[in-house]
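First comes the structure, then the notes that go with it.
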Amino acid sequence: MRKSRPGGKVYLVGGGPGDPELITVKGVRALREADVILVDRLIHPALLKYARPGADLVHCGKSPGSPGWNQEAINRLMVKHARAGKTVTRLKGGDPFVYGRGGEEAQVLAGHGVDFEVIPGITAGIAAPACAGIPVTHREYGSSFALITGHRKQGAEEELRWNHLARGVDTLAIYMGVKNLPYIREQLLSHGKSPDTPVALIQWGTTGAQYTVTGTLGEVIDLARQHEIKSPTMIVIGEVVRLREQLAWFENRDVTKKEKA
């Protein structure tokens with residue numbers, strides 16, 4: 001635990017991959033202690049039941065292509081409330097340090113001398129495949145995996161990145177990649193990945209709305225179009241996808257024993 005400084009404190013909390021039961025015990029404690037909770041867009045509303053009565057809930061999610069909160073405004077709000085002596089929980093989807101801008105927010109807090117603590121969460125890059133019956137590593141199918149963003153970049157560094165991903169990593173778990181799926185497919189194929197490489201598209205992974213389709217890298221564009229795959233979707237590429245045929249369990253679970261998301 002960090003030594004408290006005068007004033008309030010900010011908890012950067014990972015809310016998990018979607019299923020509200022997949023938040024950590026420590027994350028729940030941070031929600032219960034908070035005076036102010038800053039909530040990201042994809043947070044399951046059931047998590048907010050842990051907020052204490054009277055806590056100030058601020059929904060500050062950013063939707064792609066639409067006006068909303070900018071990062072600077074969120075940063076200012078965290079600092080403002082902490083300096084006022086309040087306990088602030090910044091509730092983010094997945095893990096705050098995996099494509100959650102949690103690192104940037106921690107830098108702002110550190111720069112302003114605000115006491116903070118990071119509470120890791122379960123990231124969708126591992127949880128969504130697990131719920132689709134796909135282990136990201138397996139002794140016979142793949143011993144390495146990479147979590148990457150599907151956002152497109154430019155330049156030589158990008159070429160080097162795809163060359164390494166196509167040839168040097170067994171399993172790829174790609175966040176935010178549906179929009180750029182044609183580019184991702186093109187890059188992997190042009191850098192040596194076989195068109196027969198198995199692929200899974202896992203939409204709304206871990207939630208009651210989870211929907212999974214599988215195919216090959218060569219046919220993935222048609223697959224996404226045929227099944228009308230939208231964000232949020234985790235793209236998993238690698239031989240481990242073959243295990244879904246044997247290990248798929250999510251669709252057969254007894255939902256009467258579990259809170260339906």
Side-chain angles (χ1 to χ4, degrees), residues 2 10-28 30-31 37-44 47 60-64 69-71 74-75 78 88-110 116-132 134-137 142-153 157-158 161-162 164-165 168-181 184 200-207 210 212 231-238 240-241 261:
R2 291 169 56 87
V10 176
Y11 292 94
L12 299 174
V13 177
D19 182 341
E21 293 188 341
L22 291 178
I23 191 172
T24 66
V25 174
K26 204 165 188 177
V28 169
L31 287 171
I37 302 175
L38 306 182
V39 186
D40 262 0
R41 181 173 63 95
L42 293 178
I43 290 296
H44 197 292
L47 290 178
C60 51
K62 300 184 287 293
S63 300
W69 285 71
N70 62 47
Q71 189 61 49
I74 295 170
N75 295 343
M78 287 191 298
V88 180
T89 288
R90 175 75 172 105
L91 184 60
K92 307 173 79 69
D95 180 276
F97 278 10
V98 179
Y99 302 123
R101 304 192 74 167
E104 298 169 44
E105 294 181 0
Q107 285 180 294
V108 169
L109 296 171
F116 70 92
E117 183 172 330
V118 180
I119 300 180
I122 301 173
T123 188
I126 296 172
C131 288
I134 302 169
V136 292
T137 66
S143 60
S144 62
F145 70 97
L147 306 178
I148 64 174
T149 173
H151 286 168
R152 187 171 181 172
K153 298 180 181 177
E157 184 179 341
E158 175 75 346
R161 182 177 84 123
W162 283 112
H164 173 68
L165 292 172
V169 182
D170 294 320
T171 305
L172 303 177
I174 304 176
Y175 298 70
M176 301 169 281
V178 171
K179 183 178 178 182
N180 285 331
L181 196 53
I184 293 167
L201 304 174
I202 310 165
Q203 183 173 270
W204 288 107
T206 80
T207 74
Q210 176 173 307
T212 303
S231 295
T233 291
M234 183 60 56
I235 304 167
V236 183
I237 302 173
V240 292
V241 173

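These values consider heavy atoms only, across backbone and side chains, with no hydrogens, waters or symmetry-generated copies.
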Would you give the length of the straight line joining atom [atom1] of [X] to atom [atom2] of [Y], rounded to the nearest 0.5 angstrom?
X      : Y      : atom1 : atom2 : result
Leu38  : Lys92  : CG    : NZ    : 9.0 Å
Ile184 : Leu165 : CD1   : CG    : 10.5 Å
Asn75  : Leu109 : CG    : CG    : 7.5 Å
Tyr175 : Leu147 : OH    : CG    : 4.5 Å
Ile122 : Ile23  : CD1   : CD1   : 9.5 Å

Check [X] against [Y] and note the closest heavy-atom contact, atom names and distance.
X      : Y      : value
Gly15  : Ile43  : CA-CD1, 4.4 Å
Cys60  : Ile74  : O-CD1, 3.6 Å
Asn180 : Gly150 : ND2-O, 3.0 Å
Ile174 : Gly177 : CG2-CA, 4.3 Å
Pro17  : Ala127 : CG-CB, 3.5 Å
Asp95  : Gly121 : OD2-N, 3.0 Å

Check: Thr206 side chain, Ala128 main-chain N or O, donor-acceptor pair, under 3.5 Å: no
Verdict with reasoning, Tyr99 to Thr123, per side chain to side chain donor-acceptor pair (under 3.5 Å): CA-CA 9 Å; Tyr99 302 123; Thr123 188; over 6 Å; no
side-chain contact (heavy atoms from CB on, under 4.5 Å) assessment of Gln71 paired with Glu105: CA-CA 9 Å; Gln71 189 61 49; Glu105 294 181 0; 2.7 Å; yes
Trace of the side-chain contact (heavy atoms from CB on, under 4.5 Å) decision for Asp170 with Val240: CA-CA 8 Å; Asp170 294 320; Val240 292; over 6 Å; no
Taking the side chain as everything from C-beta on, heavy atoms only, tell me whether [X] gets closer than 4.5 Å to [Y].
X      : Y      : answer
Glu117 : Lys26  : yes
Trp204 : Pro232 : yes
Leu201 : Thr212 : no
Leu172 : Phe145 : no
Val169 : His164 : yes
Thr171 : Ile237 : no
Arg90  : Met78  : yes
Leu91  : Leu31  : yes

Verdict with supporting geometry, Met176 and Ser231, side-chain contact (heavy atoms from CB on, under 4.5 Å): CA-CA 7 Å; Met176 301 169 281; Ser231 295; over 6 Å; no
Evaluation steps, side-chain contact (heavy atoms from CB on, under 4.5 Å), between Leu12 and Val10: CA-CA 6 Å; Leu12 299 174; Val10 176; 4.1 Å; yes
Residue list, side chain to side chain donor-acceptor pair (under 3.5 Å) with Thr137, at least two apart or on another chain: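 Per chain and number, Thr137 pairs via side chain to side chain donor-acceptor pair (under 3.5 Å) with no residue.
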Stepwise side chain to side chain donor-acceptor pair (under 3.5 Å) test for Thr207 and Asp19: CA-CA 5 Å; Thr207 74; Asp19 182 341; over 6 Å; no
